[in-house]
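Sequence lines set the chain letters: A, B, ... in the order given, protein chains first and strands last, and positions in each chain run from 1.
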Protein chains: 2
Amino acid sequence: MADHILPKQLTGMADEKSDHESHCFVAKLFGKRAQNREVQEARILEAATNCFVRAGFRGASMNDICSEAGMSPGALYRYFPSKESIIETIVASHRKASAEILNRMDEYDNIIDALVMVGVDHVRKKSADAAGTSWDERSALLFSEVRAEAMRNEAVAAQCELYEGQMREKLLSVVSAAKTKGEINPVGDLELVVATLAAMGEGVVMRNFPAQGVPVEALEPMFRALAVAILRPVQK
Amino acid sequence: MADHILPKQLTGMADEKSDHESHCFVAKLFGKRAQNREVQEARILEAATNCFVRAGFRGASMNDICSEAGMSPGALYRYFPSKESIIETIVASHRKASAEILNRMDEYDNIIDALVMVGVDHVRKKSADAAGTSWDERSALLFSEVRAEAMRNEAVAAQCELYEGQMREKLLSVVSAAKTKGEINPVGDLELVVATLAAMGEGVVMRNFPAQGVPVEALEPMFRALAVAILRPVQK
DNA sequence: TAAATGAGAACGAACGTTCGCTCTTTTTAT
DNA sequence: ATAAAAAGAGCGAACGTTCGTTCTCATTTA
């Protein structure tokens with residue numbers, strides 16, 4: 001009885017011949033159809049990212065994205081309901097990838113080293129975890145675009161606020177832990193310290209120094225000096 | 001004879017009755033007509049700035065700007081040949097206003113104080129010279145928009161490069177002078193130090209902390225710590 | 001009188017999106 | 001197992017709208 005309530009397309013099954021699962025809901029997630037859908041979505045997002053980097057969110061048209069993806073508009077709109085939804089998806093994964101770089105901070109026992117690593121990894125354009133979302137060379141180019149879009153697009157602003165809030169929390173917890181342990185003596189209010197560090201770091205990331213021939217190694221002492229100046233580690 | 005070569009509109013004259021100048025070329029700059037032209041241009045730029053802050057360079061339409069300026073498209077296009085030209089004019093004055101804040105650096109004998117002043121004045125949203133272009137509260141909102149546009153608009157990129165080059169030169173001359181005098185011992189290559197300081201400062205300005213309730217005074221120690229950390233003034 | 005100014009309709013192009021259709025794959029019924 | 005039916009996937013023309021810009025014509029100013 002209840003089976004008739006379920007939409008038909010959710011009852012499809014993969015090529016593996018497991019009849020007892022053919023009406024299972026989650027089976028859809030591993031079906032051939034579903035797999036193809038994910039591949040196509042990734043193809044679209046990849047093409048859209050290239051177009052957005054090249055021309056901006058508003059400057060790139062859906063036709064551009066279709067051409068880049070080798071797909072007709074009719075086909076593309078089966079996977080994303082609107083241009084807006086593509087933008088939101090890309091922005092979310094962009095900020096997510098940025099936020100995930102902070103996850104590796106715990107690998108360092110020294111907070112200064114951890115902070116320098118965060119900055120360096122951001123300009124180095126390498127993802128923190130191998131199996132996560134990618135933080136490639138286009139991310140830096142997309143940074144100013146995302147920030148500009150967030151100023152007037154509520155959904156994009158919400159995505160930014162979500163992940164940036166996570167980043168601030170993570171930074172704050174690390175910094176306040178270090179302060180509690182007496183390792184550092186920051187210059188001011190902890191929340192402001194964290195926000196300023198993030199803002200200054202973002203400023204450097206946006207400039208995209210590596211693309212201008214400045215090696216990451218040259219930036220490292222700057223990040224270290226900045227971290228030391230603001231966190232003020234106590235002498236031992 | 002030669003008068004007929006000159007376009008007619010350049011021969012108009014002001015209300016002051018100086019007949020002997022009525023065919024003078026430069027007289028146009030002070031004529032009533034020309035005055036009105038400047039007023040109208042300013043009106044358009046003012047309206048366009050509001051629209052661009054609200055919706056971005058691409059998001060704001062010419063109709064929006066016309067409405068905001070209380071002007072018809074036909075009238076507006078007598079003063080600016082294209083939307084592009086309006087954008088370029090606004091970007092140029094935006095970057096010019098930003099660059100002019102550096103002019104006051106010479107008022108300080110201490111380079112650290114001078115640098116802190118530059119940062120504070122940028123977030124404070126006050127123009128350096130009273131009679132210059134204005135650096136008002138909309139400038140911070142326009143910052144990310146300008147940077148995003150510069151990534152794909154060659155003319156805008158050129159304007160940015162021009163004024164940012166001036167800023168780097170000014171900063172570089174001040175910093176290298178201080179180093180020559182033995183006042184500071186910067187962490188790395190001087191050009192890179194200057195570029196990093198500018199990038200970090202811009203990051204803070206873009207965040208628009210005052211709009212989020214963070215007072216400028218709270219930011220000042222941060223700027224000072226940053227300047228001290230990177231320039232490393234020598235003890236006396 | 002002639003030039004400058006302005007209003008507003010109108011232009012062609014491009015936009016994001018939808019539609020109708022064909023072809024293929026999957027499900028259902030026999 | 002096979003035919004019929006349904007659903008999915010893809011294409012490309014076409015939709016209605018909005019874009020930046022231009023044109024025409026009236027009004028004001030010199």
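Counting to the nearest Å, the P atom of D:dT22 and the CG atom of B:N63 are 15 Å from each other. Distance B:N36 CG to D:dT28 P: 15 Å, rounded to the nearest Å. When the P atom of D:dG20 is taken as reference, atom CZ of B:F80 falls 15 Å away, rounded to whole Å. Rounding to whole angstrom units, CZ of residue A:F57 and P of C:dG16 are separated by 14 Å. In this entry the distance linking OH of A:Y77 with C1' of D:dG10 reads 16 Å, nearest Å. As a whole-Å value, the separation of A:L76 CG from D:dG12 P is 14 Å.
In this structure the side chain of B:L171 reaches within 4.5 angstrom of the side chain of B:M105, judged on heavy atoms. For the pair A:R43/A:Y79, no side-chain contact is recorded, criterion being any heavy-atom separation below 4.5 Å from C-beta on.
Considering only side-chain atoms of B:Q40, the nucleotide from C:dG6, D:dG10, D:dG20 that sits closest is C:dG6. When distances run from any side-chain atom of B:P73 to the nucleotides C:dG8, C:dG16, D:dC11, the shortest one goes to C:dG8. In this structure, the nucleotide among D:dA9, C:dT17, C:dA7 sitting nearest to the side chain of A:Y79 is D:dA9. Comparing C:dA7, C:dT17, D:dG10 by their nearest atom to the side chain of B:M71 picks out C:dA7. Of the candidates C:dT17, D:dG12, D:dA9, C:dT17 carries the atom nearest the A:S82 side chain, counting heavy atoms from C-beta on. Comparing C:dG6, C:dG16, D:dT21 by their closest approach to the side chain of A:K83 singles out C:dG16. Distance from the side chain of A:S61 is smallest for C:dC15 among the nucleotides D:dG20, D:dC11, C:dC15.
Smallest separation of non-hydrogen atoms from B:S144 and B:M206: CA-CE, 4.0 Å.
Residues A:D64 and A:R78 each lie close to DNA chain C; by heavy-atom proximity, the contact nearer the 5' end of the strand is made by A:D64.
Between B:R147 and A:E145 there is no salt bridge, since no side-chain nitrogen of the basic residue lies less than 4.0 Å from a carboxylate oxygen of the acidic one.
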